[in-house]
Amino acid sequence: MAQGAGGAVGRTAGAAAVWPIRSADRIPALDGLRGIAILLVVLFHNTQMRPQTPFDEVYVALARLGWSGVDLFFVLSGFLITGLLADSKGGPHYFRNFYSRRALRILPLYLVFVFFTLHVSPRLWPDTDLAAMGRNAMAGRSEVWYWLLLPNLLFARDGNFGHPNLAVTWSLGIEEQFYLVWPLLVALANRRRLMWTCTALVIIAPVIRTALVLDGADPVVPYVLPFCRMDALAAGAWVALALRSPAGVAPLRRWAHPVLAAAAAGIVAIWYLEDPLDNGTWIEPVMQSAGYTAFALLFAALLALAVMAPAGSRLARTLSVSPLRMFGTYSYALYLFHVAVRRFIRDEYFPVASFPEWLDSPLPGQLLFYVVATAPALALAWASWHVLEAPILKLRRFFPYPR
């Protein structure tokens, strides 16, 4: 999940006339996109109702598409990281500054969360169903996979998502593995070659996933392996590089709307073909083969339109509204916390069977559950930002990117 330098993006000197954004600038729309991403993920995980009516079935089927919020995070990460690397390329301490800033952003909260989940929570609530699930999930497994930020490889090996409260860490593993390779490629290749590399990754990723699907691999495998999800990161990186081209934003502006429309049409077609009222969409074969790439292209086109949108445009105003930006600011901690909070509240205080109903539909109870489960997770994320994350991020001043 992307947690870059806020909405900060940079430019090279040669792009000044065509994309006048400085490294210190902040684009509010990117915080809004990050807010949309975390809200999609929370919607996916916190939708617990058992459909009773045809409308319920349609609602749950649409809510299941919230898994795609992680792909939006990937696109944002590819965009922000590639932009920062491209703008600092050739500057002093290129690798040191990048990895130090990434470590300050990702590791403190992540390591605290893993330690709390594996060693504190079981002692605080030893008799809960969640504690029992955690013990069963870790039985016979080494926790070193989590400490080394390799949970996605563990999940692929075992064909499941491991400890229930650490299941979301698979995406962090993918991003960290991306960070190990991408800075070196940016340092060695020019912009054109990098764009061709991004294009190749967008093509190769669905080919690998299709091969795995046809070979009968567990659906978890193409979902969590790094080369299977490189299309979203590469699509975001391609946008960052295209914005820094000599031609500026004009070619990207011409292509953004057609790509957005085509990707949306592809997603609708795949969603319809997979019988969404009966299946979990992310695990279906066609969605895994082609749908992930369709979402990557959809979000990349939306990102391109967002960063090119004039300040007073409808899109810029929509993505800059305070609630979206707030969720974007606290998205990292909320992403880590929300599943654990949801499980605890659902299992201990608000079981699905007790959801209030109206006209034989549990949707009113589901809407109440969103509030009951999300509010404490957001409060914890707010505290995490102010107590842990923001103070640590001040240390990034020792590892500045060149202007």
Side-chain angles (χ1 to χ4, degrees), residues 1-2 33 36-37 40-41 43-44 58 60-79 152 155-156 159 161 170-171 173-175 177-178 195-239 242 252 255-305:
M1 193 190 80
L33 284 175
I36 291 174
L40 284 171
V41 174
L43 175 71
F44 174 68
V58 173
V60 171
L62 291 173
R64 283 176 179 158
L65 291 175
W67 61 265
S68 63
V70 176
D71 290 79
L72 179 51
F73 277 126
F74 285 157
V75 169
L76 284 167
S77 183
F79 174 80
N152 58 317
F155 302 162
F161 287 98
W170 69 270
S171 65
I174 285 180
E175 292 209 11
Q177 290 143 30
F178 171 69
M195 292 184 71
W196 278 112
T197 300
C198 292
T199 303
L201 289 173
V202 171
I203 296 171
I204 291 171
V207 172
I208 295 174
R209 292 196 304 265
T210 300
L212 289 169
V213 169
L214 294 176
D215 194 46
D218 188 283
V220 173
V221 175
Y223 191 68
V224 303
L225 284 181
F227 273 100
C228 293
R229 306 310 300 273
M230 282 297 105
D231 43 358
L233 288 158
W238 192 95
V239 174
L252 195 58
W255 285 102
H257 283 102
V259 170
L260 184 75
I267 291 167
V268 171
I270 293 169
W271 186 72
Y272 178 78
L273 288 172
E274 299 286 18
D275 195 8
L277 299 186
D278 294 325
N279 298 306
T281 309
W282 73 268
I283 67 172
E284 299 306 313
V286 180
M287 182 61 76
Q288 291 207 307
S289 298
Y292 295 177
T293 301
F295 270 111
L297 295 175
L298 174 80
F299 291 138
L302 179 61
L303 169 65
L305 293 172

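Owing to the predicted nature of the structure, the values given are computational and were not obtained by experimental measurement.
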For Val286, what residues pass the side-chain contact (heavy atoms from CB on, under 4.5 Å) criterion, not counting sequence neighbours?
Ile270, Glu274
Distance in Å, Phe295 CZ paired with Met287 CE, rounded so as to fall on 0.5 Å steps
5.0 Å
Among residues two or more places apart or on two chains, list those pairs meeting side-chain hydrogen bond (donor to acceptor under 3.5 Å, both in side chains) that have a residue in residues 255-264.
none
Could you pull out all residues at least two apart from Pro206 that satisfy side-chain contact (heavy atoms from CB on, under 4.5 Å)?
Arg209, Asp231, Thr293
Counting only N and O atoms by type, is there a donor-acceptor contact under 3.5 Å from the side chain of Asn152 to the main-chain atoms of Val224?
yes
Please assess Phe227 against Ile204 for the test side-chain contact (heavy atoms from CB on, under 4.5 Å), listing each intermediate value before the final yes or no.
CA-CA 8 Å; Phe227 273 100; Ile204 291 171; 5.7 Å; no
Is there a donor-acceptor contact under 3.5 Å from the side chain of Gln288 to the main chain of Glu284?
no
Taking salt bridge (Lys or Arg N to Asp or Glu O under 4.0 Å) as the cut-off, I'd like each qualifying pair that reaches into residues 197-206, sequence neighbours left out, listed once.
none
Less than 6.0 angstrom separating the ring centers of Tyr292 and Trp67, yes or no?
yes
For Trp170, does the CH2 atom sit with more than 12 other heavy atoms under 6.0 Å from it, leaving out its own atoms?
yes
Cationic tip of Arg229 within the cone over Phe74's six-membered ring, i.e. under 6.0 Å and within 45° of the normal?
no
Minimal non-hydrogen separation, Ala301 against Ala256, with atom names
CB-O, 3.5 Å
Tightest non-hydrogen contact, residues Ala234 and Val202, listed as CB-CG2, 4.0 Å
Between Val75 and Ala296, which heavy-atom pair has the shortest distance, and what is it?
CG2-O, 3.8 Å
Under the side-chain contact (heavy atoms from CB on, under 4.5 Å) test, residues paired with Ile203 that sit two or more places apart
Thr199
Could you state the interatomic distance from CG (Leu233) to CD1 (Ile174), rounded to the nearest 0.5 Å?
7.5 Å
Return the set of residues passing side-chain contact (heavy atoms from CB on, under 4.5 Å) with Ala294 (not counting sequence neighbours), or none when no residue passes.
Ile267
Using a 3.5 Å cut-off and no angle test, enumerate the donor-acceptor pairs between side-chain atoms of residues 213-223 and protein atoms at least two apart in sequence or in another chain.
unit_1: Asp218; atom_1: OD1; unit_2: Val220; atom_2: N; d: 2.9

Got a second to check how far Phe299's CZ is from Leu76's CG, nearest 0.5 Å?
9.5 Å
Taken to the nearest 0.5 Å, the spacing of Leu302 CG from Leu72 CG works out to 7.0 Å
Which residue pairs satisfy the salt bridge (Lys or Arg N to Asp or Glu O under 4.0 Å) criterion with at least one member in residues 260-269, sequence neighbours excluded?
none
What's the spacing between Leu297 CG and Trp238 CH2 if we round to 0.5 Å?
10.5 Å
Compare every heavy atom of Ala205 with every heavy atom of Cys228, then report the nearest pair and how far apart it is.
O-CB, 3.9 Å
Which value, rounded to the nearest 0.5 Å, describes the distance between Leu260 atom CG and Leu303 atom CG?
11.5 Å
